[in-house]
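Structure record follows, encoded as structure tokens.
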Amino acid sequence: MTKKHHLQIHSENILPIIKKWLYTDKEIFLRELVSNACDALYKVKLLKIGSEEEFRIDITTDKEEKVIKISDTGIGMTEKEVVTYIAQIAFSGAEDFVHKYEEAKGKEAFIGHFGLGFYSSYMVAKKVTLDTLSYEEGAKPVFWSCDGSSEYEIYEGKRDKRGTEITLSIDDDSLEFLEESKMRALLDTYCKFLPYPIYLNGQRVNDKEPIWIKPATELQEEDYINFYRDQYRMEEDPLLFVHLNVDYPFHLKGVLYFPKITRDFDLTAPKVNLYCNRVFVSDNCKDVIPNYLSCLRGVIDSPDIPLNVSRSALQMDRTVRSLSSHISKKVSDSLNTLFKTNKEKYLKAYEDISVIIKLGILEDEKFYERVKDVLLFQTTDGEWVTIDEILQPSQEKILYTTDPSHNQGLISLYKNKGMKILILNTPIDSYLIQSLEQKLNTKFQRIDASVTDHLIDKEKELIVLDSEGKTEATKIADYIKKALGLEHLEVEAKSLATEALPGFVTLDETARRMRDYFLTRDPKADTSYFGKKTFVVNTNNRLVNALTKLQQNDEELAKELTKELYDLSLLSQREIDPKHLNEFITRSHKVLEMLTEKVLQK
Ligand code: ADP
Ligand code: MG
């Protein structure tokens with residue numbers, strides 16, 4: 001006699017997949033079951049069959065019995081429904097499962113739609129039972145139980161109240177979920193904004209209002225701030241916020257905040273929380289919002305983000321891409337609005353938000369187009385100006401300084417001529433100006449990059465030639481070049497439009513940028529070969545003139561003073577090589593000594 005065997009491979013395939021592969025975080029079983037309970041309550045509400053007072057979700061943990069129960073007063077299920085929605089899915093093979101997921105994507109959104117939902121309970125449970133009573137007239141209670149194998153039991157249950165109770169017999173590798181504190185923390189993370197009362201061992205766990213689902217017209221500024229304080233307890237108040245609300249072509253609600261940027265602020269740490277119909281999904285919105293906005297704070301809630309597919313698939317998703325560009329648009333719109341309606345507030349926040357604006361400009365051409373009118377620069381006069389205000393036809397190059405505390409001589413020289421000098425002193429600025437130069441077809445130039453016409457006093461130029469065919473200016477330059485004895489240094493004597501400034505060193509803009517770029521990568525790099533320096537001395541300065549005379553009666557002192565003059569210029573431009581500083585100080589002492597002795601001799 002032969003015995004017939006039944007092949008049962010199809011069913012065994014699924015639960016191990018769930019357990020191992022589907023979610024890396026076991027804890028999301030709670031999110032899934034609680035959101036199913038919420039869906040069930042929401043359906044009751046839609047059918048208008050119950051009173052809202054009785055709506056509740058109860059979660060209990062029992063360490064002795066190693067059991068977690070999740071019960072709701074929702075719509076319940078008939079036997080047929082249990083078989084169709086719960087049982088058949090697990091026993092119809094992986095193929096159908098995927099198919100069901102595909103279908104679910106198109107449906108109008110309830111809280112669920114994470115794909116697997118109910119079956120995620122097998123990530124922590126070795127056995128799951130379900131006690132349910134449907135709202136339908138004359139429905140019989142149903143008891144269903146399955147230990148994760150291919151067999152399940154189903155028979156008439158004893159439940160006498162509408163709703164569903166799910167009992168999880170917790171697996172030995174998941175006993176931590178029996179800790180009340182653990183469960184409380186999880187509920188606080190995933191479920192605190194859910195619309196129906198949730199109790200853990202009798203205590204209410206969710207009483208927070210998700211402000212982002214309210215219309216902006218019903219909210220005051222203080223509501224937004226309070227919500228922020230509640231969510232980010234350790235942080236200073238936000239500078240600005242943006243309320244998002246889209247219904248077409250996708251659903252999206254949310255509130256984004258520009259945080260106060262503190263010293264230890266990490267621009268790369270994503271801080272926007274992602275929700276799906278009020279259920280927390282992830283604290284990493286990286287793929288949903290543009291990189292440059294990922295350091296914002298706040299919440300994005302959209303049922304349209306396919307949450308259960310892998311990260312790489314998420315990046316490719318078209319909805320996600322349009323979400324991302326929509327968010328970027330809303331943020332730039334609100335920056336523009338604030339700039340127009342409350343410039344004072346905008347300026348107050350600007351120093352902090354500018355980093356984000358600048359990053360966005362570098363990363364996203366469209367964002368640049370939208371924020372270019374609210375991109376501001378501070379001038380050395382403390383004034384804030386827009387690009388339009390600095391792009392003047394009379395000024396072919398945009399002048400800037402990387403360090404307004406130094407360079408005073410040059411700065412006031414330009415100021416006297418009515419020129420605006422921008423302060424560009426943050427690391428991102430060097431990238432920003434390169435990008436703006438391309439976008440605006442203009443040039444930025446640091447004030448010490450060259451001697452421009454603005455700096456020259458034409459009337460006092462020493463252009464008279466002597467018998468040897470040399471001007472007075474050339475002679476001064478020759479002397480200083482000789483006294484310094486630096487092979488690669490050019491010296492020019494110019495009639496600067498001031499008497500106060502003895503001179504300054506010019507550094508070619510392109511070469512200097514290159515050098516600075518290398519220095520940011522390696523602060524110790526040898527950059528001496530970058531670009532040529534020119535020492536420009538002022539023929540209208542008394543010290544410069546005195547030096548050329550002094551060489552006739554005290555050559556050594558004149559030479560040392562010339563070197564001193566050059567080093568002081570470098571120092572005032574923050575260009576002195578730190579290695580050279582000791583030599584400078586030693587020489588300064590020596591020069592002072594020589595001068596003092598000279599005075600005493602008299
Ligand atoms: P989804 O929520 O995405 O539909 P689930 O696997 O989470 O997938 O749930 C499958 C179905 O089982 C639900 O759509 C619902 O019809 C039913 N269901 C699950 N939990 C409950 C519950 N607590 N009360 C009533 N019906 C439920
Ligand atoms: Mg679900």
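When a residue number appears, it is its place in the shown sequence, counting from 1. One-based numbering, in listed order, for ligands and for the atoms of each.
Closest to atom 23 (N) of ligand 1 by heavy atom, among Asp39, Val44, Asp72, Asn36, is Asp72. Looking at Lys43, Arg162, Glu32, it is Lys43 that brings a heavy atom closest to atom 15 (C) of ligand 1.
Relative to the six-membered ring of Phe177, Lys26 misses at least one condition, a distance below 6.0 Å or an angle of at most 45° to the axis. Cation-pi contact between Lys45 and Phe55: absent, since separation from the ring centre below 6.0 Å together with deviation from the ring axis within 45° is not met.
Not one N, O or S atom of Ser35 sits under 2.8 Å from the Mg ion (ligand 2).
Taking a cut-off of under 4.0 Å to the non-hydrogen atoms of Ile86, the atoms of ligand 1 that pass are 12 (O). Residue Phe118 has at least one heavy-atom neighbour below 4.0 Å for each of these atoms of ligand 1: 5 (P), 6 (O), 7 (O).
In summary, Arg56 and Asp58 engage in a salt bridge, as defined by a charged side-chain N under 4.0 Å from a carboxylate O. Under the 4.0 Å criterion applied to side-chain N and carboxylate O atoms, Glu54 and Arg162 are assigned as salt-bridge partners.
Considering backbone and side-chain atoms together, Ile75 places no N or O closer than 3.5 Å to any N or O of ligand 1.
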side-chain hydrogen bond (donor to acceptor under 3.5 Å, both in side chains) assessment of Arg31 paired with Ser120: CA-CA 10 Å; Arg31 168 185 94 182; Ser120 64; over 6 Å; no
Stepwise side-chain hydrogen bond (donor to acceptor under 3.5 Å, both in side chains) test for Ser174 and Asp171: CA-CA 5 Å; Ser174 299; Asp171 219 342; 5.8 Å; no
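The residue Thr132 has no part lying near ligand 1, judged by heavy-atom distances below 4.0 Å.
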